[in-house]
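One structure is given here, and the rest of the page talks about it.
Along the sequence shown, residues carry numbers from 1.
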Amino acid sequence: MTALKPSLPMLSFFLLLSLYSNTFIHTALAAGVTPEEAKQLRDEVREMFYHAFNGYMEHAFPLDELRPQSCGGEDSLGGYALTLIDSLDTLALLGDRDRFAASVEWIGKNLQFDINKTVSVFETTIRVLGGLLSAHLIASDYATGMKIPTYNNELLNLAEDLARRLLPAFDTPSGIPFGSVNLMHGVDEHESKITSTAGGGTLTLEFGVLSRLTKDPIFEQVTMNAVRGLWARRSRLNLVGAHINVFTGEWTQKDAGIGTSIDSFYEYLLKAYLLFGDEEYLFIFQEAYAAAMHYLYNDPWYVEVNMDSAAVVWPLFNSLQAFWPGLQVLAGDIDPAIRTHTAFFSVWKRYGFTPEGFNLATLSVQHGQRSYPLRPELMESTYWLYKATRDPQYLDAGRDMVASLQYSARCPCGFCHISDVEFHKQEDHMESFFLAETVKYLWLLFDLAVGPDNLVENGPYKYIFSTEGHLLPATPEISLVREHCSYFGAYCHTGNMQNESCASDVASNPQETNDGSLYGRVRTRFPSGSTFSDSTPISGLIKGVCPGLTHGQKFGISYVASSHRAREESRNQRKPTVAESHSLVVVPGQTSDYSPSENKNYHEKFSESSEGGSVSDTPQKR
């Protein structure tokens with residue numbers, strides 16, 4: 001079909017959008033943060049943490065979360081001191097040995113999960129299971145400087161007990177778990193069979209770490225099967241939808257994006273590879289990332305498209321998208337991360353916060369998505385970009401974020417949700433992730449500027465941050481379990497008796513190693529049948545990948561198409577559908593691979609979708 005030419009009003013709209021972004025790029029740059037001011041800001045963020053933490057302990061503990069305006073508490077997840085568990089590794093990061101030890105001791109003596117509560121598998125995993133495992137790994141290790149002499153694996157035992165209570169959720173035909181499970185009775189017979197992609201695909205780090213610590217592979221196996229179940233049902237464009245039926249495997253919402261309901265699926269693909277060294281995660285991430293950059297990226301923004309046709313359905317900046325530049329830093333794709341962060345931060349500058357939804361067609365807050373629930377994603381990306389570039393503009397951005405939180409979100413006993421970013425109206429609620437992530441990333445940002453002296457930057461291990469900001473160390477026990485080229489210096493097992501050293505060239509010149517990638521830049525060979533080039537640049541702690549079979553041959557992950565989709569694909573089988581690969585490491589002097597000419601109908605789709613979308617006004621919590 002011949003593409004329609006964009007109308008003059010539509011071209012004017014995109015010119016306006018371009019000018020809008022450029023305006024904010026210039027106004028976003030504030031006066032530089034001096035070293036002394038960075039120290040003051042670090043101390044101010046520390047005070048913010050204790051204002052909220054003390055408010056919780058005095059007025060809400062042992063309930064789950066704090067009501068910071070009325071100085072009360074509420075059970076929002078399971079009724080097991082959620083905010084305390086979520087705050088444990090932040091206490092350790094701040095060097096607060098006394099409160100860390102006292103909190104670990106209380107949890108070990110008083111917490112139990114043998115309760116008749118139905119809980120979110122996703123939220124319980126990332127907040128509670130992740131919090132327990134991170135604190136255990138800190139409290140049990142002399143090398144962290146925070147070992148508790150009397151500690152005897154109480155948190156690990158609790159984590160294992162909790163995970164076993166979550167296992168019934170994975171008993172589905174697809175392997176993708178139910179969204180909720182009762183901690184005493186398992187999955188209710190009336191439990192919804194619809195779950196989000198993020199909910200089913202963001203469990204691998206916590207369950208994988210638990211398997212390595214307990215030597216029981218079941219936890220890692222079920223979460224890997226969930227990822228495989230989701231990826232096997234991707235579209236021919238290598239895109240995944242937002243919601244899926246865990247029994248039939250049919251997508252119930254086919255909007256593909258990097259925000260609500262999908263975001264951390266991408267995040268855990270890369271981070272699971274970095275932490276565990278399993279190349280299957282890397283292959284899936286490479287394919288998924290390339291598709292996202294090809295179909296979702298409209299430099300510098302991201303939109304939501306139909307997973308089968310790539311037609312734009314929703315021109316929206318969703319606040320959960322703000323994690324993406326940080327993930328691109330870990331992947332080494334710095335240039336687009338910088339541009340996208342600048343665009344996202346321009347929204348913060350306009351309102352003082354990022355609303356849950358910002359409509360890119362009307363350049364206004366999306367109806368029904370006006371709130372800011374103290375989300376950490378923009379702070380997270382700001383920290384990673386400063387770590388990668390040492391550009392002082394990210395300190396300026398952090399200072400603006402601190403000012404907004406202090407002047408508009410601070411409440412008598414903590415920090416309040418903002419129910420309307422235009423009027424800065426407060427709401428009497430404080431999510432536990434404010435202490436687990438929001439203030440953590442701000443504190444790390446300014447501590448890095450001062451000259452870091454903390455567990456993450458100067459500790460004995462490299463740390464992977466979970467999607468809840470929990471610290472998971474790449475210890476030998478966790479990261480070096482497998483020996484098929486899973487660490488630098490290992491050998492590939494070949495058909496003959498000879499050992500072939502894995503191809504892995506680490507940049508020897510320090511200036512050639514981009515700080516944006518966690519552990520340096522590596523070029524690794526991939527199977528000849530891969531959609532990526534023979535020397536696809538990647539970055540990560542795990543340096544070697546054995547050459548050999550293609551991804552599909554090695555892992556058996558093929559498409560599971562519905563009969564309707566299969567008929568449609570048979571009609572269009574001659575049409576090219578493979579996404580162009582997008583380099584995961586930006587070589588100096590290169591520009592983004594994205595070109596507006598790649599999608600000639602993009603402007604019309606953008607215009608039509610601005611009239612309305614298939615996504616409800618209120619996004620999911622995560």
Side-chain angles (χ1 to χ4, degrees), residues 174 176 194-202 226-245 249-270 281-299 301-316 318 320-321 323-324 327-328 331 333 336 340 530-532 551-552 557-562 564-566 568-569 572-573 575-582 584 593-594 598-599 601-602 605-606 609 613-615 619-620:
S174 66
I176 305 166
I194 308 302
T195 194
S196 69
T197 299
T202 311
V227 171
R228 288 169 174 160
L230 288 164
W231 189 242
R233 290 165 176 84
R234 69 198 184 277
S235 74
R236 290 291 181 182
L237 306 182
N238 281 343
L239 295 173
V240 292
H243 292 92
I244 194 170
N245 186 306
E250 293 290 327
W251 293 99
T252 58
Q253 186 180 356
K254 291 193 170 186
D255 297 350
I258 62 166
T260 304
S261 301
I262 305 177
D263 51 351
S264 47
F265 170 75
Y266 290 99
E267 179 185 1
Y268 268 36
L269 290 176
L270 179 58
Y281 290 114
L282 175 64
F283 276 107
I284 298 175
F285 175 76
Q286 295 243 27
E287 294 177 1
Y289 181 83
M293 295 303 291
H294 183 76
Y295 294 110
L296 309 179
Y297 184 45
N298 182 52
D299 195 352
W301 306 93
Y302 291 81
V303 295
E304 295 182 11
V305 306
N306 180 277
M307 63 180 287
D308 294 319
S309 67
V312 177
V313 297
W314 206 234
L316 191 74
N318 177 282
L320 288 172
Q321 294 178 357
F323 88 100
W324 189 260
L327 184 65
Q328 289 181 306
D333 207 358
T340 294
S530 170
T531 58
F532 292 83
H551 181 208
I557 300 181
S558 56
Y559 301 101
V560 179
S562 65
H564 172 74
R565 198 202 311 171
E568 290 296 318
E569 289 170 350
N572 302 308
Q573 59 184 346
K575 296 182 180 180
T577 57
V578 178
E580 295 180 9
S581 43
H582 188 278
L584 294 192
D593 290 347
Y594 177 83
E598 291 176 352
N599 190 344
N601 292 328
Y602 183 82
K605 295 173 185 176
F606 208 167
S609 62
S614 60
V615 183
Q620 286 197 347

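Every residue two or more places apart in sequence or in another chain that forms a side-chain hydrogen bond (donor to acceptor under 3.5 Å, both in side chains) with Glu267 is listed here: Lys271, Thr467. For the ring-ring contact (aromatic ring centres under 6.0 Å, His included) test, residues two or more places apart in sequence or in another chain that qualify with Tyr302 are Tyr297, Trp324. For Thr195, the side chain to side chain contact (heavy atoms under 4.5 Å, CB included) criterion is met by Ile176, Ile244, Val246, not counting sequence neighbours.
Contact detail for Tyr295 and Ala310: the closest heavy-atom pair is CD2-CB, 3.5 Å. Closest non-hydrogen pair, Thr252 versus Asn245, comes out as CG2-N, 4.2 Å. Here the shortest heavy-atom pairing between Ala198 and Asp263 reads CB-OD1, 3.8 Å. Contact record, Ala256 with Leu239: CB-CB, 4.0 Å, taken as the closest heavy-atom pair. Between Ala291 and Leu237, the shortest heavy-atom contact is CB-O, 3.3 Å.
The distance from atom CD of Gln321 to atom CD1 of Ile258, rounded to the nearest 0.5 Å, is 4.5 Å. Rounding to the nearest 0.5 Å places OG1 of Thr202 at 8.5 Å from CZ of Phe265. Put simply, CD1 on Ile262 and CD on Glu304 are 7.0 Å apart, with the number rounded to the nearest 0.5 Å. Put simply, CZ on Arg234 and CD1 on Ile284 are 8.0 Å apart, with the number rounded to the nearest 0.5 Å. From Gln253, atom CD reaches atom CD1 of Ile194 across 10.5 Å, with rounding to the nearest 0.5 Å. Summarising the geometry, atom CG belonging to Leu269 is positioned 10.5 Å from atom CD belonging to Glu287; distances are rounded to the nearest 0.5 Å.
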- Stepwise, does the side-chain contact (heavy atoms from CB on, under 4.5 Å) test hold for Trp314 with Asp255? CA-CA 8 Å; Trp314 206 234; Asp255 297 350; 5.6 Å; no
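Between Arg233 and Ser174, some side-chain heavy-atom pair lies under the 4.5 Å cut-off. At a threshold of 4.5 Å between non-hydrogen side-chain atoms, the residues Tyr289 and Gln328 count as touching. The shortest side-chain heavy-atom distance between Tyr266 and Leu327 falls under the 4.5 Å cut-off.
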